Every structure is written in C-alpha cells, then in structure tokens.
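For clarity, every value in this text was computed on a predicted model and none was experimentally measured.
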Amino acid sequence: MFFKVQLPWNVILSPESLEAGGLMLQRSIIIRLLDDFTVKKATKDLGYYLAVTTLERIGEGKVRQHTGDVLFPVVFSALTFKICRGEILEGVVHKVLKHGVFLRCGPVEGLYLSNLKMPDYRYVPGENPYFLNDKMSKIGKDVVVRFVVIGTKWMEADREFQALVSLEGDYLGPVQSPEI
C-alpha cells in the first residue's frame, strides 16, 4: 500500500557546503536531504521510502558546538510503500526452489510463496525448475503472480521487510498478460 506522509527531518551541512546565496543554500539542503532519505531506505512504521514529493519548510539553521556543522530542521512530504497483511499484490518470481518461490514486489524482494500455499501446484525439476498445476498454469522465473500477503516481518539489521504470501483465494496465481 502506498502512503503519503509528512516527515520532520534534520539535515546537517558541513561549513564547506554552505553558500552565501539563498538559492544555493536551499539547493545544498535539498541535495543532502535526498542523500539522507535514500540511505535510510525504510522504517518499520512507514515502510520503504520511495520519493520526496514536496519540501514544506526549512527551519533556521543551528551551528553545532564542536564540529561547526549547521543543523537545519526541515519538514517534507514523501511517498512510502508498505506491505500489509491481507493485501492482494502482484510480484515477479526471481528464484524457484523445491519448496517454493521468492518474488519481488516493488522495493520488497523477500516475498516467499511456499509450495504448501500453492494449491494444486507441483514442482517440476530441471535446468529451469517451475511449478505446474493440472490446468497447465505455470509458475517459474520471471512469471508475474497475483498473491495475498498472510504475514510480514521487519528485519531491523537489513532495514527491509520479508513476507509470507499465498495463492489460496479467488483470482490468485499467475497473471496472463494480454498478447499484443
């Protein structure tokens, strides 16, 4: 699910990056904010940080005592993405194992679909293994699959989410792309 959030942030600039002109100072603050924003990657509460949409406010800079760096409090709007239990999403298979497949969905790469959560599918080994059901529906590498999220877990050390997903439900499974 996508969220639009308003966030307070502290941007720290070194004395070397400070310019006398107002627009150049604002540019330095924005560049530093974007750098810090991408390094942060994600949080447990808001999910993955995708984009800064608007810069709402830049507060007055405060000089730090020992370093001489200047701290600017800023407020901005951003777009985030967080997977939620019960949500139906689409992802692309990137790894096929005997006991299930791993999928990618947006910035989330740790989505696991167990063979126990794929009703009527059986594993077909080989150089390019895949899962196949009686209706010849195939789940293999690079196949787009619609699924339901049945559980999520926040991994603090990696700053990312992992999720367990299922195909148990109506209209879930490989997605047929229209032939053009």
Using 0.5 Å steps for rounding, measure from the [atom1] atom of [X] to the [atom2] atom of [Y].
X	Y	atom1	atom2	value
R146	D170	CZ	CG	11.5 Å
R27	I29	CZ	CD1	12.5 Å
F161	M155	CZ	CE	11.5 Å

Between [X] and [Y], is there shared hydrophobic-cluster membership here, with clusters defined by ILVMFWY side-chain heavy atoms closer than 4.5 Å?
X	Y	result
V52	L46	yes
L116	F147	no
L132	M118	no
V92	L113	no
V75	I30	no

Under 3.5 Å: donor-acceptor pair, side chain of [X], backbone of [Y]:
X	Y	answer
N133	K135	yes
T53	S77	yes
E87	M1	yes

State, yes or no, whether a side-chain contact exists between [X] and [Y] at a heavy-atom distance under 4.5 Å.
X	Y	answer
V145	V165	no
F72	S28	no
Y48	K41	yes
T80	K82	no
Y112	L164	yes
C105	F81	yes
L13	L25	yes
L50	P107	yes

Partners meeting side-chain contact (heavy atoms from CB on, under 4.5 Å) with [X] (sequence neighbours left out):
X	result
K40	W9, T43, Y49, R159
I12	R64, D69, L71
D35	I31
K44	W154

Of all heavy-atom pairs between [X] and [Y], which one has the smallest distance, and what is that distance?
X	Y	value
L7	A78	CD1-CB, 4.4 Å
V70	G61	CG1-CA, 3.8 Å
Q26	I58	CG-CD1, 3.9 Å
A163	V149	CB-CG1, 4.4 Å
G126	P129	O-CD, 3.5 Å
H94	R104	CB-NH1, 3.1 Å

Is the cationic atom of K138 (NZ for Lys, CZ for Arg) positioned less than 6.0 Å from the six-membered ring centroid of Y130 and within 45 degrees of its normal?
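Yes, K138 sits over the ring of Y130.
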Audit row: R85, T152, side-chain contact (heavy atoms from CB on, under 4.5 Å) steps and yes/no
CA-CA 7 Å; R85 187 170 187 230; T152 63; 5.6 Å; no
I'd like to know whether CD of E60 has more than 12 heavy-atom contacts from other residues, nucleotides or ligands below 6.0 angstrom.
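Atom CD in E60 is not packed in, count stays at 12 or less.
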Set of residues satisfying salt bridge (charged side-chain N to carboxylate O under 4.0 Å, His left out) with respect to K117, sequence neighbours excluded:
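Checked K117 against salt bridge (charged side-chain N to carboxylate O under 4.0 Å, His left out); matches are E168.
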Going by salt bridge (charged side-chain N to carboxylate O under 4.0 Å, His left out), name the residues that satisfy it together with D134, two or more places apart in sequence or in a different chain.
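Counting only residues at least two positions away or on another chain, D134 forms a salt bridge (charged side-chain N to carboxylate O under 4.0 Å, His left out) with R122.
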Just do the side-chain contact (heavy atoms from CB on, under 4.5 Å) check on V101 and V143 with the steps written out, would you?
CA-CA 11 Å; V101 298; V143 171; over 6 Å; no
Give the intermediate values and the outcome of side-chain contact (heavy atoms from CB on, under 4.5 Å) for residues N115 and Y121.
CA-CA 7 Å; N115 66 333; Y121 281 87; over 6 Å; no
